[in-house]
Asks: 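Below is one structure. I have some questions about it.
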Amino acid sequence: MFEQNISIAVQWLIFLGTACFAILTSILMVTRRNPIHSALLLVLTFLLTAVLFLLLRNPFIAIIQVLVYAGAVMMLIVFVIMLLELKSELRSALRVSFSKGAAVFTVLVILLCLFFAVSREPKGASGEYTSEMVSQLGSIKVVGKLLLTDYLLPFEIISILLLAAIVGAVVLAKQRLVEKE
Amino acid sequence: MTIPTIPPAAYLILGAILFAIGAIGVLTRRNAIIVFMSIELMLNSVNLSLIAFSYSLNSMDGVLFVFFVMAVSAAEAAVGLAIFVQLYRTRETINLDEINMMKW
């Protein structure tokens with residue numbers, strides 16, 4: 001009983017620390033003047049979310065989060081910031097105006113609605129994949145089996161979508177050689 | 001006396017707060033790259049809620065959804081950033097208030 005209490009208390013500590021830090025870094029991310037600072041703070045937010053995924057017993061998604069989001073997507077964003085050579089007026093911070101105040105107010109009202117919707121226990125049929133069973137089988141094995149059985153069609157569609165995105169990115173970013181001549 | 005475990009509502013509330021911060025970023029900033037990063041933050045907070053639901057309901061569907069959301073957002077990043085590079089080449093700006101050629 002005592003050991004169980006200790007482990008739950010440690011989980012609470014990790015959760016509260018990670019949550020506060022994630023909120024802080026995301027607020028800083030939105031308000032920074034320099035885009036590169038925003039990008040690095042967003043990487044920090046993604047890593048903190050990966051810690052929360054580990055706390056939810058989901059190491060597979062935590063690893064994918066670090067690899068795909070904090071690694072690949074953010075590297076792309078940092079490279080584009082480097083390529084664009086932003087002028088000083090583009091590095092503008094938050095300027096206060098009436099429409100922006102109204103936007104923030106609207107978002108806060110939506111947040112209040114979300115609080116009321118979320119603060120009760122989620123209802124729904126409980127599935128078969130308890131966390132003990134998933135950790136016994138290995139979460140990657142379970143995800144892979146589901147991907148190739150129940151979710152085969154979305155999986156194939158995603159592969160076509162990624163191919164289309166690669167071709168689209170190459171076509172868009174290519175120099176138009178004909179126009180230059 | 002036992003300490004209660006972390007309720008799923010705590011994760012959902014954190015997801016809601018991160019989503020709201022991302023939405024504020026989308027609506028108030030005018031630098032296209034920062035707007036893009038705020039959208040990534042919103043997607044990430046939705047992923048957190050999906051994983052919390054899948055953990056509390058003992059289901060694997062949320063995890064698969066997060067997998068697909070990540071694939072779509074990687075595709076979106078590739079195409080979106082290519083569009084930004086192309087816009088900067090032709091218009092010399094990525095300020096969203098100055099990109100209004102499709103508005104009338």
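These figures come from a predicted structure and were not determined experimentally. Letters go in sequence order (proteins before strands), and every chain restarts at 1.
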Asks: At a 4.5 Å cut-off on heavy atoms, which part of B/Glu76 comes close to chain A: side chain, backbone, both, or neither?
Replies: neither

Asks: Name the option with the most non-hydrogen atom pairs under 4.5 Å to chain A; the candidates are B/Val66, B/Val85, B/Val63.
Replies: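 Of B/Val66, B/Val85, B/Val63, B/Val63 has the most heavy-atom pairs under 4.5 Å with chain A.
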
Asks: Below 4.5 Å, heavy-atom pairs only: which of B/Leu64, B/Ile17, B/Leu27 has the largest tally toward chain A?
Replies: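 Top count of heavy-atom pairs under 4.5 Å with chain A: B/Leu64.
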
Asks: Measuring from atom CG of B/Asn31 to atom CZ of A/Arg32, what distance do you get when rounded to the nearest 0.5 angstrom?
Replies: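 Reported to 0.5 Å precision, the distance equals 14.5 Å.
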
Asks: My understanding is that a hydrophobic cluster links ILVMFWY residues whose side chain heavy atoms are under 4.5 Å apart, including indirect links. Using that, what else belongs to the cluster containing A/Met75?
Replies: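 Grouped by the 4.5 Å side-chain rule, A/Phe79, A/Met82 form the rest of the cluster around A/Met75.
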
Asks: Below 4.5 Å, heavy-atom pairs only: which of B/Leu14, B/Asn44, B/Ile33 has the largest tally toward chain A?
Replies: B/Asn44

Asks: Of all of B/Val79, B/Ile51, B/Asp61, which one pairs up most often with chain A through heavy atoms under 4.5 Å apart?
Replies: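 Top count of heavy-atom pairs under 4.5 Å with chain A: B/Ile51.
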
Asks: Given that the side chain runs from C-beta out, which part of A/Ile81 has a heavy atom under 4.5 Å from chain B: side chain, backbone, both or neither?
Replies: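 Backbone plus side chain of A/Ile81, per the 4.5 Å heavy-atom cut-off to chain B.
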
Asks: Against chain B, label A/Phe115 side chain, backbone, both or neither, depending on which of its atoms sit under 4.5 Å from a heavy atom there.
Replies: side chain

Asks: Which atoms of A/Leu114 are under 4.5 Å from chain B, going by heavy atoms: the side chain, the backbone, both sets, or neither?
Replies: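 A/Leu114 touches chain B through side-chain heavy atoms alone.
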
Asks: Between A/Ile23 and chain B, with a heavy-atom cut-off of 4.5 Å, which part of the residue counts as in contact: side chain, backbone, both or neither?
Replies: both

Asks: Among B/Ser73, B/Ala23, B/Ala71, single out the residue with the greatest number of heavy-atom pairs under 4.5 Å to chain A.
Replies: B/Ser73

Asks: Is A/Ala39 close to chain B through its backbone or its side chain, or both, or neither, when contacts mean heavy atoms under 4.5 Å?
Replies: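 Contact with chain B involves both backbone and side-chain atoms of A/Ala39.
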
Asks: Is the CD atom of A/Glu3 crowded by more than 12 outside heavy atoms at less than 6.0 Å?
Replies: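 No, the 6.0 Å shell around CD holds no more than 12 heavy atoms from other groups.
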
Asks: Quick one: what part of A/Gln4 sits under 4.5 Å from any heavy atom of chain B, side chain, backbone, both or neither?
Replies: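 When you check distances to chain B, no heavy atom of A/Gln4 falls under 4.5 Å.
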
Asks: Quick check for you: to the nearest 0.5 Å, what is the distance between B/Met70 atom CE and A/Gln65 atom CD?
Replies: 4.5 Å

Asks: Side chain from CB out, backbone as N, CA, C, O: work out which of these in B/Ile83 comes under 4.5 Å of a heavy atom of chain A, or both, or neither.
Replies: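 Both backbone and side chain.
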
Asks: In this structure, would A/Leu83 and A/Val170 fall into the same cluster of hydrophobic residues linked by side-chain contacts under 4.5 Å?
Replies: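 No, A/Leu83 does not connect to A/Val170 through the hydrophobic network.
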
Asks: Go through the atoms of B/Ile13 and report whether side chain, backbone, both or neither lie under 4.5 Å from a heavy atom of chain A.
Replies: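 Both backbone and side chain.
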
Asks: Heavy-atom distances under 4.5 Å only: say whether B/Phe36 touches chain A with side chain, backbone, both or neither.
Replies: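 Side chain only.
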
Asks: Calculate, to the nearest 0.5 Å, the distance between atoms CZ and OH belonging to B/Phe68 and A/Tyr151 respectively.
Replies: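 Separation between the atoms: 7.5 Å.
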
Asks: Are the side chain of B/Tyr88 and the backbone N or O of A/Leu84 linked by a donor-acceptor pair below 3.5 Å?
Replies: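 A pair under 3.5 Å: yes.
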
Asks: Contact part of A/Ala72 toward chain B, heavy-atom cut-off under 4.5 Å: side chain, backbone, both or neither?
Replies: neither

Asks: What part of B/Ile21 gets closer than 4.5 Å to chain A, counting heavy atoms only: side chain, backbone, both or neither?
Replies: both

Asks: Atom CG in B/Leu41, atom OG in A/Ser38: separation rounded to 0.5 Å?
Replies: 11.0 Å

Asks: Could you look at B/Ala10 and say if it's the side chain, the backbone, both or neither that has a heavy atom under 4.5 Å from chain A?
Replies: both

Asks: Which bit of A/Ile166 comes within less than 4.5 Å of chain B, counting heavy atoms only: side chain, backbone, both or neither?
Replies: neither

Asks: Under 4.5 Å heavy-atom distance to chain A, tell me which part of B/Val72 shows up: side chain, backbone, both or neither.
Replies: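 Interface part for B/Val72: both.
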
Asks: Can you say whether A/Phe2 sits under 4.5 Å from chain B via the side chain, the backbone, both, or neither, judging by heavy atoms?
Replies: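 Contact with chain B is absent: no heavy atom of A/Phe2 under 4.5 Å.
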
Asks: Quick one: what part of A/Ile110 sits under 4.5 Å from any heavy atom of chain B, side chain, backbone, both or neither?
Replies: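 Neither the backbone nor the side chain of A/Ile110 comes within 4.5 Å of chain B.
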
Asks: Mind checking who shares a hydrophobic cluster with A/Leu13, ILVMFWY linked at side-chain heavy-atom distances under 4.5 Å?
Replies: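 Listed partners: none, A/Leu13 stands alone.
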
